[in-house]
There are 2 protein chains.
Amino acid sequence: MFMGEYNHTVDKKGRLIMPAKFREMLNDKFIITKGLDHCLFVYPIDEWEFIEQKLRSLPFTQKDARAFVRFFFSGALETEIDKQGRILIPPNLREFAKINKEVVVIGVSTRIEIWSREEWESYRNDAELSYEQIAEKMVELGL
Amino acid sequence: MFMGEYNHTVDKKGRLIMPAKFREMLNDKFIITKGLDHCLFVYPIDEWEFIEQKLRSLPFTQKDARAFVRFFFSGALETEIDKQGRILIPPNLREFAKINKEVVVIGVSTRIEIWSREEWESYRNDAELSYEQIAEKMVELGL
DNA sequence: TGTAATATGTTTATGGGGGAATACAATCAT
DNA sequence: ATGATTGTATTCCCCCATAAACATATTACA
């Protein structure tokens with residue numbers, strides 16, 4: 001279970017030191033993908049394999065399915081933490097999440113999210129305003 | 001499982017260095033063929049045979065089925081990686097995919113796709129699903 | 001059989017990614 | 001408050017993957 005918020009930096013080569021708290025739980029390989037709201041998702045392998053199964057069954061003869069599968073897999077990457085506790089974020093993912101130097105790494109239940117600090121702050125400022133409103137909507141979802 | 005996005009170049013003789021990550025999984029012969037959306041598909045043999053099975057079951061009495069099967073097989077070619085880690089893309093396939101020099105190689109689940117960089121970028125600009133659409137798709141799939 | 005054209009192989013240079021070491025910051029305990 | 005310990009940031013170095021130029025082999029055709 002991932003939780004918490006950490007301010008970190010990405011070096012010139014696109015490497016990020018994974019927060020020590022998260023490292024313990026990512027001792028093996030894991031997946032980084034383009035996520036929603038312009039951040040990156042980090043999934044443990046088993047979580048990913050579930051998604052992979054679902055996508056494999058989509059027909060490549062349908063335009064939308066092709067586009068979706070392409071987007072999802074081309075933006076995905078299996079990686080692991082190096083001996084210094086870092087991960088390498090490839091250029092296309094950095095570009096996608098508008099990551100330059102300062103990032104925020106947050107734990108969100110079963111996954112980790114990596115945000116450009118700027119994006120995170122503007123998202124949080126937007127979302128924070130309607131926090132109570134969002135909570136109201138949770139009732140509809142059975143929470 | 002193929003994933004990721006790599007920028008590579010094709011030399012004057014039509015040879016392309018296959019990304020190292022993909023090479024490991026294409027250790028023997030494999031199939032390259034004309035794909036959809038003006039890119040090239042690369043299949044490992046077993047995956048190709050699987051598709052072949054499916055195509056074989058299509059009724060050749062139907063015009064569309066005949067056309068599709070012709071298209072798919074006539075553009076296909078068995079090849080392998082040379083000692084320098086390269087593959088040779090024959091002229092007709094290069095022409096088909098509008099490949100000149102700069103290409104993008106992407107992993108798409110069970111296959112690899114080779115795109116002219118220009119084509120890839122315009123495809124992404126046109127066809128890139130909005131986040132809302134992606135989110136919807138994910139919900140449909142139960143992710 | 002010789003020559004050109006094409007295919008295949010080799011070599012070298014460059015840059016990106018991984019590792020080691022060090023400096024710096026933060027937390028904790030005494 | 002001070003020192004110890006852990007975690008984070010930065011710099012430097014080295015190796016491997018890639019790219020490009022060059023060399024050799026094979027084929028086609030006169």
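Only heavy atoms go into these numbers, but all of them, side chains included; no hydrogens, no water, no symmetry mates. The chains referred to below are lettered A, B, ... by the order of the sequence lines, with proteins before strands, and numbering in each begins at 1.
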Taking the side chain of B:Arg15 as heavy atoms from C-beta outward, which of C:dG19, C:dT8, C:dG18 is closest to it?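 The listed nucleotide nearest to B:Arg15's side chain is C:dT8.
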Using a cut-off of strictly less than 4.0 Å, decide whether A:Lys101 has a side-chain nitrogen or oxygen near OP1 or OP2 of D:dT10.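 Answer is yes, contact under 4.0 Å.
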Would you please confirm or rule out a distance under 4.0 Å between OP1 or OP2 of D:dA21 and any side-chain N or O of B:Lys12?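 It does, given that an N or O in the side chain of B:Lys12 lies less than 4.0 Å from OP1 or OP2 of D:dA21.
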[X] [atom1] to [N] [atom2]: how many Å, rounded?
| X | N | atom1 | atom2 | result |
| --- | --- | --- | --- | --- |
| A:Asp82 | C:dG16 | CG | C1' | 14 Å |
| A:Ile81 | C:dG18 | CD1 | P | 13 Å |
| A:Glu80 | C:dG17 | CD | C1' | 13 Å |
| B:Arg94 | C:dA7 | CZ | C1' | 12 Å |
| A:Arg117 | D:dT8 | CZ | C1' | 12 Å |

So, for B:Tyr6 and B:Phe22, is the gap between ring centers shorter than 6.0 Å?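 Under 6.0 Å, so yes.
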Considering the options A:Leu77, A:Leu16, A:Ile99, A:Ile112, which one meets the side-chain contact (heavy atoms from CB on, under 4.5 Å) requirement together with A:Leu40?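 Answer to the side-chain contact (heavy atoms from CB on, under 4.5 Å) test with A:Leu40 among A:Leu77, A:Leu16, A:Ile99, A:Ile112: A:Ile99.
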So which one's nearest nucleotide on DNA chain D is more toward 5', B:Arg86 or A:Arg86?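 Nearer the 5' end of the strand: A:Arg86.
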Quick test of your reading: applying side-chain hydrogen bond (donor to acceptor under 3.5 Å, both in side chains), list the pairs with at least one residue in residues 10-22 of chain B, sequence neighbours left out, ordered by first then second residue.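 Listed by first then second residue: B:Asp11-B:Arg15.
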Hey, can you tell me if A:Trp115 and A:Tyr123 have their rings parallel, tilted or perpendicular (30° and 60° cut-offs)?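 Tilted.
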Return the orientation label for the B:Trp48 and B:Phe73 ring planes: parallel under 30°, perpendicular over 60°, tilted otherwise.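 Perpendicular: the ring planes of B:Trp48 and B:Phe73 meet at over 60°.
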So what does A:Asp11 touch, heavy atoms closer than 4.0 Å: a base, only the sugar-phosphate, or nothing?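 The residue A:Asp11 makes no contact with any strand.
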Is there side-chain contact between A:Ile87 and A:Ile114, with at least one heavy-atom pair below 4.5 Å?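 With C-beta onward as the side chain, the pair touches.
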Under 3.5 Å, which N/O atoms of the protein pair with N/O atoms of nucleotides 14-18 of chain D?
unit_1: D:dT18; atom_1: OP1; unit_2: B:Ala20; atom_2: N; d: 3.2
unit_1: D:dT18; atom_1: OP2; unit_2: B:Arg23; atom_2: NH2; d: 2.1

